[in-house]
K.L.:
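Before anything else, here's the structure in question.
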Amino acid sequence: MKNALIICAAGMSSSLVAKKASEYFEKNDEEIHVDATTISKAPDIIDEDKYDLYLVSPQAKMTFDNMKKRADALNKPITNIPPQAYVPIPMGIEKLAKLVKENL
């Protein structure tokens, strides 16, 4: 099982997107799980090295460089989520799923 983490400003929208993405992967028999966290918790979570991929939400993109330094230190991929892949509707979740698979 691969694990991805969405880093979001407050964690509310990312929790919904993460849940929908995990459901999408499960429905398509792909062993990928997506979680979400806030900007304030992300540095400690990244340092724990429990995730295979880090995704920075559109509203948290200003923290990307800081999060990238941490992810790079663990040799883990990190990418920004484009706004069109950050909507909890089928089209957005499909785009997010594609982004996840391309970066894992």
Side-chain angles (χ1 to χ4, degrees):
M1 171 83 64
K2 296 286 187 175
N3 293 295
L5 180 69
I6 298 173
I7 299 166
C8 179
M12 294 177 68
S13 60
S14 61
S15 294
L16 178 59
V17 172
K19 181 177 185 257
K20 296 277 187 182
S22 291
E23 289 170 355
Y24 175 88
F25 287 126
E26 185 177 335
K27 184 177 116 181
N28 289 286
D29 295 322
E30 298 192 54
E31 293 192 7
I32 302 171
H33 179 76
V34 182
D35 285 324
T37 193
T38 62
I39 292 170
S40 61
K41 294 179 181 175
D44 290 335
I45 293 173
I46 292 172
D47 291 346
E48 290 174 6
D49 196 18
K50 293 182 181 178
Y51 291 90
D52 302 294
L53 171 65
Y54 299 98
L55 304 153
V56 179
S57 71
Q59 63 270 44
K61 68 182 178 182
M62 70 285 204
T63 66
F64 182 80
D65 291 339
N66 181 38
M67 300 299 166
K68 183 168 177 16
K69 288 177 189 171
R70 290 179 178 278
D72 286 351
L74 299 169
N75 202 28
K76 297 291 175 97
I78 184 168
T79 190
N80 280 308
I81 303 172
Q84 62 271 25
Y86 197 70
V87 287
I89 60 173
M91 179 191 70
I93 297 303
E94 287 172 12
K95 288 181 181 193
L96 180 62
K98 182 180 179 192
L99 180 71
V100 168
K101 290 190 285 185
E102 288 172 351
N103 284 281
L104 274 175

K.L.:
Hey, does Asp47 have a side-chain heavy atom less than 4.5 Å from the side chain of Arg70?
P.N.:
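In contact.
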
K.L.:
Which atoms form the tightest heavy-atom contact between Ser40 and Pro43, and what is the distance?
P.N.:
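It is O-CD, 3.8 Å.
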
K.L.:
Go through the structure and list residues passing salt bridge (Lys or Arg N to Asp or Glu O under 4.0 Å) with Lys41, not counting sequence neighbours.
P.N.:
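Applying salt bridge (Lys or Arg N to Asp or Glu O under 4.0 Å) to Lys41 gives none.
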
K.L.:
Mind listing the closest non-hydrogen atom pair of Leu16 and Pro88 along with its distance?
P.N.:
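Looks like CD2-CG, 3.7 Å.
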
K.L.:
Of all residues at least two apart in sequence or in a different chain, which pass the side-chain contact (heavy atoms from CB on, under 4.5 Å) check with Asn75?
P.N.:
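Counting only residues at least two positions away or on another chain, Asn75 forms no side-chain contact (heavy atoms from CB on, under 4.5 Å).
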
K.L.:
State which residues pass side-chain contact (heavy atoms from CB on, under 4.5 Å) with Pro82; sequence neighbours excluded, sorted by chain then number.
P.N.:
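Partners of Pro82 by the side-chain contact (heavy atoms from CB on, under 4.5 Å) criterion, ordered by chain and then number, come out as Gln84, Ala85, Leu99.
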
K.L.:
Are more than 12 heavy atoms from other residues, nucleotides or ligands located less than 6.0 Å from atom NZ of Lys76?
P.N.:
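Atom NZ in Lys76 is crowded, with more than 12 foreign heavy atoms closer than 6.0 Å.
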
K.L.:
Does any non-hydrogen side-chain atom of His33 lie less than 4.5 Å from one of Lys2?
P.N.:
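A side-chain contact is absent here, since even the closest heavy-atom pair is not under 4.5 Å.
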
K.L.:
Could you check whether any side-chain heavy atom of Glu23 comes within less than 4.5 Å of a side-chain heavy atom of Lys19, counting everything from C-beta outward?
P.N.:
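Result yes, sub-4.5 Å side-chain heavy-atom pair found.
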
K.L.:
Taking only residues two or more places apart in sequence or in another chain, which ones pass side-chain hydrogen bond (donor to acceptor under 3.5 Å, both in side chains) with Asn80?
P.N.:
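With neighbours one apart ignored, the set is empty.
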
K.L.:
For atom CD of Glu48, is the number of surrounding heavy atoms from other residues, nucleotides or ligands below 6.0 Å larger than 12?
P.N.:
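Count over threshold, so yes.
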
K.L.:
Check for a donor-acceptor pair, side chain of Asn3 on one end and backbone N or O of Asp52 on the other, with a separation under 3.5 Å.
P.N.:
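Judged by distance alone, no pair lies under 3.5 Å.
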
K.L.:
Would you please say whether a donor-acceptor pair under 3.5 Å links the side chains of Tyr86 and Ser13?
P.N.:
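Present: a donor and an acceptor within the cut-off.
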
K.L.:
Are the side chains of Val34 and Lys20 in touch, meaning some heavy atoms are under 4.5 Å apart?
P.N.:
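Answer no - side chains too far apart.
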
K.L.:
Rounded to the nearest 0.5 Å, how far apart are OG1 of Thr79 and CG of Leu55?
P.N.:
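Result: 7.0 Å between the selected atoms.
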
K.L.:
Spell out, yes or no, whether Val87 and Ile81 are grouped together once hydrophobic residues are joined by side-chain heavy atoms under 4.5 Å, including indirect joins.
P.N.:
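Different hydrophobic clusters.
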
K.L.:
Would you check if the side chain of Ser57 reaches a backbone N or O of Ile7 as a donor-acceptor pair within less than 3.5 Å?
P.N.:
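Side chain of Ser57 to backbone of Ile7: a pair is present.
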
K.L.:
Transitively linked via ILVMFWY side-chain contacts under 4.5 Å: Leu5 with Val17?
P.N.:
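No: no chain of side-chain contacts under 4.5 Å links Leu5 to Val17.
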
K.L.:
Out of curiosity, does Leu53 fall in the hydrophobic cluster containing Phe64 (side-chain heavy atoms, cut-off under 4.5 Å, transitive links)?
P.N.:
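The answer is no; the residues belong to distinct hydrophobic clusters.
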
K.L.:
With rounding to the nearest 0.5 angstrom, report the CD1 to CZ distance, Ile32 to Phe25.
P.N.:
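Those atoms lie 4.0 Å apart.
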
K.L.:
Give a yes or no answer on whether the side chain of Ser14 reaches the backbone of Cys8 with a donor-acceptor pair at less than 3.5 Å.
P.N.:
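Not confirmed, Ser14 side chain does not pair with Cys8 backbone.
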
K.L.:
Are any of the side-chain heavy atoms of Ile6 and Thr37 separated by less than 4.5 Å?
P.N.:
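SC-SC contact between Ile6 and Thr37 ruled out.
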
K.L.:
Can you tell if the side chain of Tyr51 reaches within under 4.5 Å of the side chain of Ile45, non-hydrogen atoms only?
P.N.:
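Result yes, sub-4.5 Å side-chain heavy-atom pair found.
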
K.L.:
Residues in side-chain contact (heavy atoms from CB on, under 4.5 Å) with Thr63, at least two apart?
P.N.:
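Ile39, Val56, Ala60, Met67.
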
K.L.:
With Lys95, which residues qualify under salt bridge (Lys or Arg N to Asp or Glu O under 4.0 Å), at least two apart?
P.N.:
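Not a single residue meets the salt bridge (Lys or Arg N to Asp or Glu O under 4.0 Å) criterion with Lys95.
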
